[in-house]
Amino acid sequence: MKKYIKNNQKNIIIYVFMCFISASLTAGTAFLYQRITSSAINNDFRALILFSIFAIPYLILEASFDYFPKKYRSIITNSISLDLKNDLIRSINETELSKMDYNFTNTIKNKMVNDLSIIEESYIRNLLSIILYSFMFVISLISAIYIQGYLTIIMIVLSVIPLLTPIISKKILANKKEIQKNAKDKYLDSYNEYADNILFVNISNLKLFFYDRLKLLGEKLKHESIFFESSLLKTYSISYGLGNVLYSGTWIIGGIFVYKNLLTLPSLIAMTILMFTIAGPIQTISNIYSEFLSSRKIFFDYLDFIDKCKTTDRKPKSKISKIEKIDIKNLNLSFSNKIILKNISFNFMNGNKYVLLGESGSGKSTFLNSLFGIYDYANDYIAINEKKLSEIDKSSYYDNIFYIPQETIIFNTSILNNITLFSENVDLVRVQECIKKVGLSDWFNSKDNEFNYVLSKDSISGGEKKRLDLARALYLDKSVIIMDEPTTALDFENEILISKIIKGIQDKLIICVSHSTNEEFLNVFDNKIKIINKEFVTENH
């Protein structure tokens, strides 16, 4: 928590100062009304008029300082919320793949969507509100005792009197809530893309891209949230100001009535002081304190999760520029004492294509996961260029791998970004060449050759998705291509087309997992590896 306070130290100091001024001005109304009443009692009509006129700008000022603390409360809340969002994403990026299971994915979604919403509304905002209302209560109580000490008990008894119902102007709010909602939806959509595809994002080294993208969208959300909440608070302040006008009218008219001996002064003081000084803060703090306490655990659980996500192993590791070979030696993979693969020893050489075959559940995908370094215990049995995977910097390792998952990942962005995976300094000529090589020219023409055409999961067919995957592989030109069931759910024609594209890829290490029985597809691979009785059995082409 200290970190977030320090990051927002300036705004917090301003907020506390605004709270003090706001509470003092609120309490000051008691002295103002006392002067008006005193003028009436002393039959000083001139002083009564002067103080009544002075009350108008004073109450406008008080209404303004009702708005400013709440505006800074909004700024602080949204700023801390953005810091928490960015820290969560940064921590996820630092998390080892070995810790990323299905539960992890669900957890990070819940942390971002549900927990953070509770932290914003019930913890941070309520904590700041308690500061404001505590100032108001203490200063007002001291002022009330100073003015009319014996009326304190009456004030507390009369605290049940309902506050003036706010008059909210719909014109001020207009469509600002919708704008804020759209900004939030865009942030969550992008975050879901990131969270749903966390494995692909890590292996494709898109972590920094998504961090920057989400940070930018977070800034937009922060701006729109502050803008909306500031507008909402203006309506509250206007309503509050109108309430002050009503009560100032009560004082002015009541002062005249006191001057005419038609109304008792204690009744007028008690009614007005009560509404603005003591009753409101008591009721508000009572209402929000239990909610604040219940959300406190969620906040600290959130911080604990961020700390646990961070990688603890900070030892410097070797970087690689190109993968020439991957050597597997005596690798055994098992879970919950169940053997998945055993005694796996194999050498994968750059320039060759390998297909791994086996029945469903035979361990094909498990083996691919071991190549990605997901299983810590297996990393010492896998060597990259004769260096243990456990000793290699994962980021440089993933820089050399292009991964094609079973389900093609379509990002909700342009064709260009989907092919280049958000690369900088894009070579449009190369992009078009890659589109042509994978047979997507007609599809691209149907989009009016527009690189900025925004794709969605439903705007591209299954066969086109797989060819888009291969266009990515060709453009990014990494030394290793790993494919997980690239022909799943494809018809015979598309499977043959995919096989021709793979056949044309040269000078790469290609490792493909497949359950295909199509010989024309299988024959494009130099080596066939079958999983039989949990072991590798090779067949050279």
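Residues take their numbers from the sequence shown, with the count starting at 1.
Side chains of Glu464 and Ser461: a donor on one and an acceptor on the other come within 3.5 Å. Side-chain contact check for Asp491 and Asn494: at least one donor-acceptor pair (N or O, by modelled atom type) lies under 3.5 Å. Side-chain contact, Tyr475 with Arg430: no donor N or O sits under 3.5 Å from an acceptor N or O. Looking at Tyr194 and Asn93, their side chains do bring a donor and an acceptor atom within 3.5 Å of each other. A donor atom on one side chain and an acceptor atom on the other are found under 3.5 Å apart for Tyr4 and Asp87.
At a threshold of 4.5 Å between non-hydrogen side-chain atoms, the residues Thr413 and Phe422 count as touching. No side-chain heavy atom of Ile531 sits less than 4.5 Å from a side-chain heavy atom of Phe367. Contact check for Leu84 versus Phe299: side-chain heavy atoms found under the 4.5 Å cut-off. Contact of the Thr408 side chain with the Lys466 side chain is registered, since non-hydrogen atoms from C-beta on lie closer than 4.5 Å. Under the 4.5 Å side-chain criterion, counting only non-hydrogen atoms from C-beta, Leu356 is in contact with Phe536. Side-chain contact between Phe104 and Thr107 is absent, with no heavy-atom pair separated by less than 4.5 Å.
Between Asp484 and Lys364, no side-chain nitrogen of the basic residue sits less than 4.0 Å from a carboxylate oxygen of the acidic one, so the salt-bridge criterion is not met. Using a 4.0 Å cut-off between a side-chain N of Lys or Arg and a carboxylate O of Asp or Glu, Asp304 and Lys308 do not qualify as a salt bridge. Between Lys186 and Glu224, no side-chain nitrogen of the basic residue sits less than 4.0 Å from a carboxylate oxygen of the acidic one, so the salt-bridge criterion is not met. Between Lys85 and Glu120, at least one side-chain nitrogen of the basic residue sits less than 4.0 Å from a carboxylate oxygen of the acidic one, meeting the salt-bridge criterion.
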- Item | Full working for ring pair (Phe, Tyr, Trp, His ring centres under 6.0 Å) between Phe444 and Phe451 | CA-CA 8 Å; Phe444 185 60; Phe451 282 117; 4.9 Å; yes

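Aromatic ring centres of Tyr381 and Tyr377: separated by at least 6.0 Å. Between Phe210 and Phe411, the gap from one ring centroid to the other is short of 6.0 Å.
Minimum interatomic distance between Asn533 and Lys342 (heavy atoms only, all atoms of both residues): O-CE, 3.6 Å. Summarising the geometry of Ile401 relative to Lys478, their closest heavy-atom pair is O-CD, 3.1 Å, with the distance given to 0.1 Å. Between Met349 and Tyr354, the closest heavy-atom pair is N-OH, 2.9 Å.
Taking NZ from Lys437 and CD1 from Ile501, the interatomic distance works out to 11.5 Å, rounded to the nearest 0.5 Å.
Applying side chain to side chain contact (heavy atoms under 4.5 Å, CB included) to Ile374 and the options Leu368, Asn369, Asn379 leaves one that passes, Asn369.
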Going by atom type alone, with no hydrogens or angles, which donor-acceptor pairs under 3.5 Å involve a side-chain atom of residues 320-333 and a protein atom two or more places apart or on another chain?
| from | atom 1 | to | atom 2 | distance (Å) |
| --- | --- | --- | --- | --- |
| Lys325 | NZ | Glu386 | OE2 | 3.0 |
| Asn332 | OD1 | Asn343 | N | 2.8 |

